[in-house]
Amino acid sequence: MGEIEGFVQGHRDGHGYVVPDAGEPWIYLAPQEMRSVLHKDRVRVRILRHDRKGRPEGRVTDIIERRKSPIIGRLLHEGGQWIVAPEDSRYGQDILIPKNATASAAVGQVVSVELTESPSLHSQPVGRVVEVLGEIDDAGMEIEIAVRKYEVPHQFSAETLAQAAALPERLRPADRKSRVDLSDVALVTIDGEDARDFDDAVYCEPFKRGRGKTAVEGWRLIVAIADVSHYVKPGDPLDEDAYERATSVYFPRRVIPMLPEKLSNGLCSLNPEVERLAMACDMVVLGDGSVEAYQFYPAVISSHARLTYTEVAAILGNTRGPEAQRRSELVPHLVHLHEVYRALLKQRAKRGAVDFESTETQIVCDDNGRIEKIVPRTRTEAHRLIEEAMLAANVCSAEFIAQAEHPSLYRVHEGPTPEKRLALQNQLKALGLGMHLSDDPKPAEIQAIAQATQGRPDAVQIHTMLLRAMQQAIYTASNSGHFGLAYEAYTHFTSPIRRYPDLLVHRVIKALLAGRRYHLVASDKTRTPELRKGGRVAHRSAKPLSQEMELWEAAGGHCSANERRADEASRDVEAWLKCRYMREHLGEEFSGTVSSVAGFGLFVTLDALYVEGLVHNTELDGEYFLFDEVRQELRGERTGIRYVVGGRVRVQVSRVDLDGRKIDFRMVREGELDR
């Protein structure tokens, strides 16, 4: 068998894997093999054998490229030697630091290390401290660690900052050229209380065409999106930095923006009562929720108000209440927005788009960045109203681009793979849900299950199961529809301040409006692993891709990977904060719900705190428990006690591992369990 190239993925237990470029199964590396390589090194491996389950095990034959980015860890002094223990446990080895290379860091401080000698079978890696981040307990340290651990670019280049500083403070006459003036239209922004950038504004009025029996009635819905592409041009330093980041990254109390503040909170933020440049999607929506017509055009707008979801929900709940009286001039427009939203919902139901029940939580921090409380996020009619308006604009942009047959980035979400469909079918059967899935399931089938299980005690867990059966949404130039939303074509158009794919979609739409084509240009930063020979691009399309489509696919791969990186970094910080928070609750008892079951134990989410932890098998009633994967349950061999997803339990917080981001519980007693 030939040799395979890929990246090393370390594991905290000492072994590792090679993730092949071509999307083949991961190749296991024994701890001995991991001694000469590090997490994220690029290597060539030969497969030695397969285990009983057919999984490959390999030997590293060549190290193609050592990872270059610094490693974050804590500086320790042990046995007369300085070492750095990496914060990311996937590295698996400590790094030796010569005493003249500690850069005056003190014991216990968090530092960034550059390797000077790579590891080998007989020697540890050696490095030098290049940055001292501070003490582990410093406010915001978990974010400083995460941005470096996940290699999130967090400093703009000097050229980018200079270019941003040189941008004008307000609109110039030249900026208004060839734009529709919508400044007198009562567009408003509706966002969360803590939002700082406002990239979308909405407006709605009744629409009527013709008279008598042939009259057509509906609404005119305008979605105006900040025109970032007016200021950020291809090849500029601003563009290079934005592409490299590909997305803004959101942490509790802090955002790492895709664009400098001058743009994200200034020129491109649709702040109230100031003129801003926008791209408008102007739609005619009929009574049944179908979009009869739409047009895109560059505009000048002036937001008439910065509204919050809470405020709008209160106004819609009582149009004569105090909130409505404060915004009396806007109430009719908000009522029309609510009407068009109700119509769009009809189409959503008709398409069979999937709606899941889930509890989203929000971390509320104190001034030192420590968790004060974790609260459930309530989704109001105002949230859904904005969501439906944005979906409508995103679909119009996808249709506009697809009709012109112009390359672009689509937001693609594929349904269950045959394997996942079969597993899901078995799980539903085991739960006593006699709902059959066809060989090629449609979104409406998944939605029917979601609706049928609403209100059950295990509804959230069933919906999570349905969600996991589907594939991850990605950005790609090959459109194959959006399964969850039940759209044949879908793009992201509505957030160019914080997502690079949206900026590309804006550029394509502008080029089409001007009768031109938009060509992606390759740069140093558009080279991504997805473009390598035999990479994932190749198997997405049966025929060879043109050079231009390869560039679009590479951009899609890059944006998808960086979206995942942003999610991982955010989750890591949240997990750290939750562990820190739970250290104050060690020994306390809580009620909770079994959120998932595995062979090694069960995960429980606490009712009051919305924190998840593990009850390991060894903490369960001193007997052997058998894991039933199909039924998603653990069953006691002797007593027949069953722990199932959705079951109620009472647990005690027994251990918190801050480094591993893990919380362990001990079972106090079973709640409503089947015997």
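All values below were derived from every heavy atom in this structure, side-chain atoms included, with hydrogens, water molecules and symmetry-related copies excluded. Throughout, residue positions are numbered sequentially from 1 according to the sequence presented.
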Quiz item: Does the side chain of Arg580 reach to within under 4.5 Å of the side chain of Ile371, using non-hydrogen atoms?
Solution: no
Quiz item: Between Thr319 and Leu334, is a side chain to side chain contact (heavy atoms under 4.5 Å, CB included) present by the stated rule, with each step listed?
Solution: CA-CA 10 Å; Thr319 52; Leu334 294 176; over 6 Å; no
Quiz item: If only atom types and distance count, is the side chain of Gln163 paired as donor or acceptor with the main-chain N or O of Leu238 below 3.5 Å?
Solution: yes
Practice problem: Report the relative orientation of the aromatic rings in Phe296 and Phe400; use parallel for angles under 30°, tilted for 30 to 60°, perpendicular for over 60°. | Solution: tilted
Quiz item: Quick one: is the NZ or CZ of Arg245 closer than 6.0 Å to the six-membered ring centre of Phe156, and within 45° of its axis?
Solution: yes
Quiz prompt | Glu169 CD: over 12 foreign heavy atoms closer than 6.0 Å | solution = no
Quiz item: For Asp572 and Ser570, does a side-chain donor sit closer than 3.5 Å to a side-chain acceptor?
Solution: no
Exercise. Among Arg176, Arg179, Arg170, find the residue that satisfies the salt bridge (charged side-chain N to carboxylate O under 4.0 Å, His left out) test when tested with Glu275.
Key: Arg176
Quiz item: Can you check whether Leu221 reaches Val291 side chain to side chain, under 4.5 Å on heavy atoms?
Solution: no
Exercise. Sort out for me which residue in Leu391, Val202, Thr189, Val223 forms a side-chain contact (heavy atoms from CB on, under 4.5 Å) with Ile386.
Key: Val202
Self-check item: Donor-acceptor pair between Ser302 and Glu273 side chains, under 3.5 angstrom
Solution: no
Quiz prompt | side chain to side chain donor-acceptor pair (under 3.5 Å), paired with Tyr341, selected from Glu381, Glu388, Arg384, Glu387 | solution = Glu381
Exercise. State, yes or no, whether a side-chain contact exists between Arg306 and Asn271 at a heavy-atom distance under 4.5 Å.
Key: no
Self-check item: Under 3.5 Å donor-acceptor, Asp502 side chain and Ser495 backbone
Solution: yes
Exercise. Kindly check if the number of other-residue, nucleotide or ligand heavy atoms within 6.0 Å of CG (Asp184) is above 12?
Key: yes
Quiz item: Ion pair present between Glu114 and Lys68, side-chain N to carboxylate O less than 4.0 angstrom?
Solution: no
Quiz item: Which heavy atom of Leu409 sits nearest a heavy atom of Trp552, and at what distance?
Solution: CD2-O, 3.4 Å
Quiz prompt | Polar contact flag, side-chain donor to acceptor under 3.5 angstrom, Glu240-Thr160 | solution = no
Quiz item: Do Arg661 and Glu87 sit within salt-bridge range, that is, some charged N less than 4.0 Å from a carboxylate O?
Solution: yes
Exercise. May I ask you to check whether Tyr500 and Tyr475 place their ring centers less than 6.0 Å from one another?
Key: no
Quiz item: For Ser178 and Pro298, which heavy atoms make the closest approach, and how far apart are they?
Solution: O-CG, 4.1 Å
Exercise. Could you check Ser560 against Asn562 for side-chain hydrogen bond (donor to acceptor under 3.5 Å, both in side chains), going step by step and ending with a plain yes or no?
Key: CA-CA 6 Å; Ser560 301; Asn562 285 7; over 6 Å; no
Quiz item: Can you check side-chain hydrogen bond (donor to acceptor under 3.5 Å, both in side chains) on Ser290 and Gln347, steps first, answer last?
Solution: CA-CA 7 Å; Ser290 59; Gln347 276 298 314; 4.8 Å; no
Quiz item: Hey, is the main chain of Asp282 close enough, under 3.5 Å, to the side chain of Arg220 for a donor-acceptor pair?
Solution: no
Quiz prompt | Presence of salt bridge, Asp199 and Arg499, under 4.0 angstrom | solution = no
Quiz item: Can any side-chain N or O of Gln471 pair as donor or acceptor with the backbone N or O of Gly415 at less than 3.5 Å?
Solution: yes
Quiz item: Are any non-hydrogen side-chain atoms of Arg498 and Ser264 less than 4.5 angstrom apart?
Solution: no
Quiz prompt | Heavy-atom pair with the smallest gap, counting every atom of His506 and Met279 | solution = ND1-CG, 3.5 Å
Exercise. Would you indicate whether the side-chain heavy atoms of Val110 and Ile72 approach each other to under 4.5 Å?
Key: yes
Quiz item: What do the steps show when you test Leu182 against Tyr297 for side chain to side chain contact (heavy atoms under 4.5 Å, CB included), and what is the final call?
Solution: CA-CA 11 Å; Leu182 296 179; Tyr297 50 81; 3.9 Å; yes
Self-check item: Heavy atoms of other groups near Arg196 CZ, more than 12 under 6.0 Å
Solution: no
Quiz item: What orientation do Tyr490 and His492 show, parallel under 30°, tilted 30 to 60°, or perpendicular over 60°?
Solution: perpendicular
Quiz item: Would you call Arg517-Glu548 a salt bridge at under 4.0 Å N-O?
Solution: no
Quiz item: So does Lys233 have more than 12 non-hydrogen atoms from other groups sitting under 6.0 Å from NZ?
Solution: yes
Exercise. Grab the two heavy atoms, one from Ser157 and one from Asp241, that are nearest each other, plus how far apart they are.
Key: N-OD2, 2.9 Å
Quiz item: Taking side chain as C-beta onward, heavy atoms only, is Tyr410 less than 4.5 Å from Ile401?
Solution: yes
Exercise. With the side chain counted from C-beta on, respond yes when Ile225 and Leu270 share a heavy-atom pair under 4.5 Å apart, and no when they do not.
Key: no
Quiz item: Is the side chain of Thr476 donor-acceptor paired with the backbone N or O of Ser478 at a distance under 3.5 Å, no angle test?
Solution: yes
Quiz item: Minimum heavy-atom separation for Arg507 to Ser229, with atom names?
Solution: CG-CB, 4.0 Å
Quiz item: Within a radius of less than 6.0 Å around NZ of Lys346, do more than 12 heavy atoms belonging to other residues, nucleotides or ligands occur?
Solution: yes
Quiz prompt | Sidechain-backbone polar pair: Asp197 side chain, Ser269 backbone, donor-acceptor under 3.5 Å | solution = no
Quiz item: Does the side chain of Asn479 come within less than 4.5 Å of Ser408's, by heavy atoms?
Solution: no
Self-check item: Pair Asp175 + Arg172, salt bridge at N-O below 4.0 Å
Solution: yes
Quiz item: Looking at Ala382 and Ala313, what are the two nearest heavy atoms and their distance?
Solution: CB-N, 3.9 Å
Self-check item: Salt bridge Arg148-Glu144, side-chain N to carboxylate O under 4.0 Å
Solution: yes
Quiz item: Are His304 and Tyr203 close enough that their ring centres sit under 6.0 Å apart?
Solution: no
Quiz item: Is it true that atom CD of Gln547 has more than 12 heavy atoms of other residues, nucleotides or ligands lying nearer than 6.0 Å?
Solution: no
